[in-house]
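Numbering of residues begins at 1 and proceeds along the displayed sequence. Whatever order the structure lists them in is the order used to number ligands and atoms, beginning at 1. As a basis for the values below, the full set of heavy atoms in this structure was taken, side chains included, without hydrogen atoms, waters or symmetry mates.
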Amino acid sequence: MRGTFSALRRASILLEAERSRFDLIVTGGGITGAGIALDATVRGLKVLVLDMQDFASGTSSRSTKLIHGGLRYLKQLELKLVAEVGQEREIVHRNAPHLTKPEHMLLPIVKNGSLGKFSSRIGMWMYEWLAGVKKEEWHKVLNRKQTIAAEPLLKQEGLLGGILFYEYRTDDARLTIEVMKEAVERGAKAISYMKVQAFTYKDEKINGLVAEDQLSGKQYTFKADYFVNATGPWVDDLDDLDMKHGAHKLHITKGVHIVVDGKKLPLKQSAYFDTFDKRMIFVIPREGKTYIGTTDTFYKGELSHPKITAEDKAYLLKCVNEFFPGNRLTEEDIESGWAGLRPLVNKPGKGPSEISRKDEMFVSSSGLITIAGGKLTGYRKMAERVVDVVARKMREEKSSKLPPCTTAEIPLAGGKLNGAVDFPVFLKENLIKAAALGIEKSEAKILVYRYGSNIDVILNRIKELQHQQQSIPPIIQAQLEYCMNQEMCLTPSDFFIRRTGALFFNVKLVKTYKDKVFDFMKNYLNWDNGLDEKYKADLETALQEVA
Ligand code: FAD
């Protein structure tokens, strides 16, 4: 079943895009670019998105994977930001209930910690009020004994009590893909592995861009009226291509997460705790693993493959071992991890953790609209602001009027479930269907959360494949076919990293099936010679990077 976003259709999408004239071209297919594409398409614009790698390859697959309520911004007194991300969290949950799972997080209160018992309670009330947290998710204050019962592995020395609150867990890369899929289903065109290298001009205004296909080496020119730079950490690089470029806007900081087996640190829920150097760190159980992060250090280096250094690992291990001393983790326990780059708007003189996470927009005199900074959580609101700027320009320059943003009411691909209320019932029904196919409950849960309302396609295909002789287990092949046919999955790395997250949370599976997946994709997508070697090398590099 080949969909509009099928990897098998890439060549024809490319040809069609080259022949078309767009209203808007967005460079950058992370969450920011995907959000803008969806908003603009819904408002009636003809949109093209280009990314030089796979969608979500940048920061949008390398975050802490939380749809935040914005608690940490309260400490920096960014009240407007707290309110906005809190409200946005609810909207994302409604429109993609499969990708936003409310989960308890424990905030231990310790002697001489950065949060006192009293100040953290006041902070929590303020946060819940500003963020509009629903009553059933209001925080609970725990005394010392209750805190130890909630998390027996915590260091008890100096422990005063704790606060239990809700954070929403997500899959950042899949959220990006689902937003992009929704935009494409509604008419946008999105092409990955297409690197923007130059702009073309008429009367000193951008009227097109030249991009190089990273798979064939061919150059293409695409034409449009408006142009957005949503390239995250690469914002300054793209801006440099514009003849009217401004001063550099970004500070880049690196954030590392490490993953260990869940049995090595079997927490009862996630925790958010003080570090020895007065920062805060998350420890989050997920899919049988536990991940720990993040670091926050200024970064100057190659942007596509930031590395996890020995110091990053040592720092995170020191933090976690101090808080959970009974379960001393060592470097050998680290199974995987990732390093992401925060594109933060430049504020000279501030430390890495002090720079605001707020987004900012810049418009060059040649017309390039650049959006920098921001959060995964606030992607929809950022998109609204960008498309409002496009709307204003259209009104001024062409007297044409765009309707206002309506994406708050639009469920994402995979989120067509009649809102978050119905999700528990939907989950239950699908766990029963999966059990009938012999799929273990833990695995079935992962599938339902991963594909949401598209789970039927996966389960039906698993059923068909169970009657055939396969070299790959049906559960993997069904997902692989789906991702190639419906989610522009072009390479084994796209599949193992951005479509399934297996490189982070099931590295053993990647090692076991990488060659078979490689052969299957090669036959299915008819790779030209040369690409096989590149794809093989890409996945091996990714495996080395997480080791
Ligand atoms: P990116 O995802 O980096 O996308 C930019 C894209 O532009 C890339 O895919 C790149 O390939 C493409 N590109 C660049 N140059 C070109 C070119 N010349 N041509 C074509 N394409 C190009 N936010 C939250 O809400 N919750 C969290 O838990 C959270 N945790 C975080 C933890 C860490 C460690 C970090 C680093 C960030 C975290 N964030 C979190 C923030 C969030 O992840 C980012 O704000 C968001 O992912 C940025 O998305 P983006 O689309 O702007 O950038």
Considering only heavy atoms, does [X] approach ligand 1 within less than 4.0 Å through its side chain, its backbone, both, or neither?
X	result
A230	backbone
V256	neither
T27	side chain

Applying salt bridge (Lys or Arg N to Asp or Glu O under 4.0 Å) as the test, list every pair that has at least one member in residues 313-322; sequence neighbours left out.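 Matches after skipping sequence neighbours: K313-E331.
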Can you tell me which residue pairs pass the salt bridge (Lys or Arg N to Asp or Glu O under 4.0 Å) test with a partner in residues 50-70, sequence neighbours excluded?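 For residues 50-70, and leaving out neighbouring residues, the salt bridge (Lys or Arg N to Asp or Glu O under 4.0 Å) pairs sorted by first residue read D54-R498, D54-R499, K65-D172.
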Side chains of E151 and Q269, donor plus acceptor under 3.5 Å: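 E151 vs Q269: donor-acceptor pair found between side chains.
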Heavy-atom nearest option to atom 6 (C) of ligand 1, drawn from I284, D51, T32: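 Answer by nearest heavy atom: D51.
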What protein heavy atom sits nearest [atom], and how far away is it?
atom	value
atom 22 (C) of ligand 1	M52 CG, 3.6 Å
atom 30 (N) of ligand 1	T64 N, 3.0 Å
atom 25 (O) of ligand 1	T377 OG1, 2.6 Å
atom 40 (C) of ligand 1	K375 NZ, 3.3 Å
atom 4 (O) of ligand 1	G30 CA, 3.6 Å
atom 49 (O) of ligand 1	S60 OG, 3.1 Å
atom 1 (P) of ligand 1	T59 N, 3.6 Å

Give the atom numbers and elements of ligand 1 that come within less than 4.0 Å of a heavy atom of [X].
X	result
G58	2 (O), 3 (O), 9 (O)
V196	17 (C), 18 (N), 19 (N), 20 (C)
L50	20 (C), 21 (N)
G232	5 (C), 52 (O), 53 (O)
R62	33 (C), 34 (C)

Taking the six-membered ring for Trp, are W338 and F505 parallel (under 30°), tilted (30 to 60°) or perpendicular (over 60°)?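 Perpendicular, since the angle between the ring planes exceeds 60°.
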Distance flag, aromatic centroids of [Y] and [X], threshold under 6.0 Å:
X	Y	value
Y315	F276	yes
F227	F222	no
F423	H98	no

Non-hydrogen atoms of M194 versus ligand 1: any pair closer than 4.0 Å?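 Flag set, M194 near ligand 1.
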